Novice: 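Before anything else, here's the structure in question.
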Amino acid sequence: APSQAPSTSPTTSSPTTSPSTSPTSSPSKAPSQAPSTSPTTSSPTTSPSTSPTSSPSKAPSQAPSTSPTTLSPTKIPTTSPTSSPTNKPTLDPRTQVVEVEVTRVTQKVETKVTVTSTIQMNIVVPTDSDDRNALVNVLKATIISLLEQNLADNQSIDSVAIISIGGQSINSRLLFHRLLENEGVVWSSVVAEETTVTTVTDQDGNVLQTEVNGDETQVSDGVGESDIVGSVVQTDTIASLIVSQVSSAIVAATTSDSSGDSLFVSTFLVEATDQNVADVVDTDFVVEPVAPFEDQVPTITQAVTATATTTDTITTPKVTEAEVEGKITFSNTVISQEHLSVFVDEIKREIKRIVCDDNFPKCEVSVGVNGQPVSRHLRERSRSMQESSSMDVDFTIAIEEICVSVCSDSSALSTQVTGLLNVAIDNGSFVESLQGSSATLMTLLANAIATRSVVPTPGAPSNWYPDWRSSSRSICLNDGNEPTYMKIFGNYYENSLDACCKRYYAWDLITCTGDAGTVPSGFYPNWGTSETKCFNSTETPETLPYNLKIWLDTDIESCCERNFNWAYNDCIYLSSGSLNIAATSKWYVNHQEEICQKDCLKNGGGSCGGLVDPWKTLFDTSAACCKEKLSWITSTTCESRSMLLPVV
């Protein structure tokens, strides 16, 4: 019989030599004391681990990765060239850009010029103080209105004062009366001109750049930052210009027109009406023409009204310019006059596509055919542009490169452009692109061959700069001896003497350019005399005004309208312009003759009184004009006189 209780010790003193054929019914409760000597599975797992291994593998992977290991380029250069080159050659390095720590100071400078003059008039001066004050206010408003028409954008009327009337102070208690011929109104005006001066200096206080109203200007050697305003803001020149402007406005306003009216009186009437005092001031008076302000010595004051200072580091890019000229001969093709402009446009577009780079802010192409420039109006020149199976296309490419790291010089830039274009012409891709631009050119250029009959020759423009080292002369040089700050900034240069003088010495072009230069074409106002006239700059260069670009207009009409609008018709006539003005044939009053006249040229005869001034009121009929403007004359008499009929 089996024992009734289990044994308390094993039945054997040693373990069995063979494993059990089935797993135990329950796992052991303690871990094994040593790792297994073989993997627990005979094959790898089918899913990746969820975390990285604690140490990298000791052997490299057998295949390359399918994506880059980093999102940014490496900082170490490769030790061997790339397997394929870029499409465009790299530029020959010339110089690095320059970083300069600078201080930029912008100052607002106000120059005030006081001008005093007398206007002779036979106006009645009221004895009542309130009425007299009303007269003074109307006179001031009239003068302000007249002067404002002659001011530039940076000029303003600071004040106008009536100093005396008829030799008496406006506050005098003496009895006033109608002014006599030798009596008048003494007045003064203060005109202010604002000038913006910006000075850029380096850490050592050296002046690198100075601008006046946005334009680079002259800085003589040895002028410090504290002396800049006095050096570049030319108070005498400003004062002379303002005196001339005030003189021109008052002289023109007090000069009667052909009908006996003056702009001064008509403006006075408008101001009196606007101030509701037309019933208390004398409006029936005549002014004597004022002579030009000669030998006027104005009072001048100058002050800095605002200053702003900023400090920063500027990176000055280098600008390289180049010009390439050449000729392409097209054979086995005939381009008709009808299609020539399209053909030329596509050539310009293709040249730009080949040579123009994103770093070229300027890349201009001009094209001529058989030695003639091409325009949209080619049919007008069809006799001189003969059709043939061969055609020479002349081209000029003007390029400006701005570089931010390394730069090419003009020669290297020209060589790059020339090489790119030569390759396209020689391998036939130039013609293929033209053919593919339109169905028309595909047909016209089906058998065309392009050859370079003249190899483009690089041309480097000269670096002309303003010579500001001597304040006694207006001159541009290209001798390579420009100051260091010009080399640092690089934006002082121009390609020609002409361009340099026009940019920096527009007020003294003739001295700067000499016989080698050209004066910019246009018309400028005659501020030197009382004539309401515009001069042609190319015919009278010796009288060009200071700061010509402010005053120059493209035609006589624009010049007269902007500067002498109160005497527009006289200005057109005196300036030898064409009176391309449509007369209205309406009626206006002639107070001197006490008649109404037609708005038409005097040589038209009859009732034509000349072209009307812009401030006069027009009427549809002579009857309406007589009734409104000459009401104290019987209507039949006024109308008969106006129609040049005998008065019954």
Side-chain angles (χ1 to χ4, degrees), residues 85-89 321-401 408 410-461 495:
T86 58
N87 292 329
K88 295 184 179 181
E321 296 176 324
E323 187 173 282
V324 174
E325 296 179 352
K327 182 181 293 184
I328 307 171
T329 299
F330 289 85
S331 55
N332 298 335
T333 184
V334 175
I335 305 296
S336 65
Q337 296 295 324
E338 179 182 1
H339 299 115
L340 188 56
S341 61
V342 176
F343 172 63
V344 168
D345 285 345
E346 289 302 326
I347 288 179
K348 291 165 66 176
R349 188 176 293 110
E350 181 61 16
I351 292 177
K352 286 186 176 182
R353 187 191 67 80
I354 293 171
V355 304
C356 293
D357 188 272
D358 292 340
N359 290 331
F360 299 162
K362 173 185 175 182
C363 187
E364 300 173 352
V365 178
S366 58
V367 170
V369 175
N370 293 338
Q372 297 188 28
V374 179
S375 70
R376 290 288 182 181
H377 307 289
L378 287 170
R379 294 182 183 180
E380 299 177 4
R381 303 203 311 269
S382 58
R383 294 182 181 178
S384 61
M385 301 286 289
Q386 300 296 327
E387 298 176 3
S388 67
S389 60
S390 179
M391 180 178 295
D392 289 333
V393 175
D394 306 288
F395 64 85
T396 300
I397 308 170
I399 293 176
E400 181 181 277
E401 179 196 47
S408 62
S410 294
S411 178
L413 187 59
S414 298
T415 300
Q416 174 193 348
V417 170
T418 302
L420 293 172
L421 190 57
N422 287 350
V423 169
I425 295 172
D426 293 344
N427 65 18
S429 62
F430 188 86
V431 171
E432 290 177 0
S433 294
L434 294 177
Q435 292 170 338
S437 63
S438 69
T440 299
L441 290 184
M442 175 65 78
T443 301
L444 295 174
L445 300 177
N447 301 314
I449 299 174
T451 57
R452 294 181 286 116
S453 56
V454 175
V455 178
T457 302
N495 293 342

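As the structure is a prediction and not an experimental result, all values here were calculated from the model.
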Novice: Is it true that a side-chain atom of E364 and a backbone atom of A398 form a donor plus acceptor pair closer than 3.5 Å?
Specialist: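 No; judged by distance alone, with no hydrogens or angles, the pair does not exist.
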Novice: How long is the straight-line distance from CG of L441 back to CD1 of I335, given to the nearest 0.5 Å?
Specialist: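 Result: 6.5 Å between the selected atoms.
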Novice: With sequence neighbours excluded, tell me which residues meet side chain to side chain contact (heavy atoms under 4.5 Å, CB included) with T443.
Specialist: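 For T443 there are no side chain to side chain contact (heavy atoms under 4.5 Å, CB included) partners, ignoring immediate neighbours.
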Novice: For residues 436-450, which residue pairs qualify under salt bridge (Lys or Arg N to Asp or Glu O under 4.0 Å), counting only residues two or more places apart or in two chains?
Specialist: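 Sorted pair list comes back empty.
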Novice: Assess whether side-chain contact (heavy atoms from CB on, under 4.5 Å) is satisfied between F343 and V393, documenting all intermediate values.
Specialist: CA-CA 10 Å; F343 172 63; V393 175; 4.1 Å; yes
Novice: Identify, with sequence neighbours excluded, every residue that meets side chain to side chain contact (heavy atoms under 4.5 Å, CB included) alongside T440.
Specialist: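 Partners of T440 by the side chain to side chain contact (heavy atoms under 4.5 Å, CB included) criterion, ordered by chain and then number, come out as H339, S438, L444.
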Novice: Taking only residues two or more places apart in sequence, or in another chain, which ones meet T396 in a side chain to side chain contact (heavy atoms under 4.5 Å, CB included)?
Specialist: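 Checked T396 against side chain to side chain contact (heavy atoms under 4.5 Å, CB included); matches are E323, E325, S366.
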Novice: List the residues meeting side chain to side chain donor-acceptor pair (under 3.5 Å) with N332, not counting sequence neighbours, and say none if there are none.
Specialist: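 Per chain and number, N332 pairs via side chain to side chain donor-acceptor pair (under 3.5 Å) with no residue.
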Novice: When rounded to the nearest 0.5 angstrom, what distance separates OG1 in T329 from CD1 in I449?
Specialist: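 Rounded to the nearest 0.5 Å, the OG1-CD1 separation comes out at 12.0 Å.
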Novice: Applying salt bridge (Lys or Arg N to Asp or Glu O under 4.0 Å) as the test, list every pair that has at least one member in residues 432-443; sequence neighbours left out.
Specialist: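 Checked against salt bridge (Lys or Arg N to Asp or Glu O under 4.0 Å) - neighbours excluded - no pair reaches residues 432-443.
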Novice: Under the criterion side-chain contact (heavy atoms from CB on, under 4.5 Å), I'd like the reasoning laid out for T333 against M391: C-alpha separation, chi angles, the key distance, then a yes or no.
Specialist: CA-CA 8 Å; T333 184; M391 180 178 295; 5.7 Å; no
Novice: Which distance, rounded to the nearest 0.5 Å, do you find between the SG of C356 and the NZ of K362?
Specialist: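 The distance works out to 11.5 Å.
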Novice: Classify the angle between the aromatic ring planes of F430 and F330 as parallel (below 30°), tilted (30 to 60°) or perpendicular (above 60°).
Specialist: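 Taking F330 first and then F430, their aromatic rings sit tilted (interplane angle of 30° to 60°).
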Novice: Applying side chain to side chain donor-acceptor pair (under 3.5 Å), name anything that partners E350, two or more places apart in sequence or on another chain.
Specialist: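 Partners of E350 under the side chain to side chain donor-acceptor pair (under 3.5 Å) test: R353, S433.
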Novice: Does the side chain of S331 come within less than 4.5 Å of T451's, by heavy atoms?
Specialist: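 Answer no - side chains too far apart.
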Novice: Residues two or more places apart in sequence or in another chain: which of them pass side chain to side chain donor-acceptor pair (under 3.5 Å) with S429?
Specialist: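 Here the qualifying residues are N427.
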Novice: With rounding to the nearest 0.5 angstrom, report the CD1 to NZ distance, I397 to K348.
Specialist: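 Between atom CD1 of I397 and atom NZ of K348 there are 12.0 Å.
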Novice: To check you understand the geometry: which heavy-atom pair defines the closest contact between V431 and A448, and what is its length?
Specialist: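 Closest heavy-atom pair between V431 and A448: CG1-O, 4.0 Å.
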Novice: Please name the pair of heavy atoms, one in C363 and one in V355, separated by the smallest distance, quoted to 0.1 Å.
Specialist: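 Scanning both residues completely, I find the closest heavy atoms to be SG-CG2, 4.3 Å.
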Novice: Can you tell me how far the CG atom of L434 sits from the CD atom of E346, to the nearest 0.5 Å?
Specialist: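 L434 CG to E346 CD: 7.0 Å, rounded to 0.5 Å.
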Novice: Distance check, rounded to the nearest 0.5 Å: I351 atom CD1 versus I425 atom CD1?
Specialist: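 It is 7.0 Å, given to the nearest 0.5 Å.
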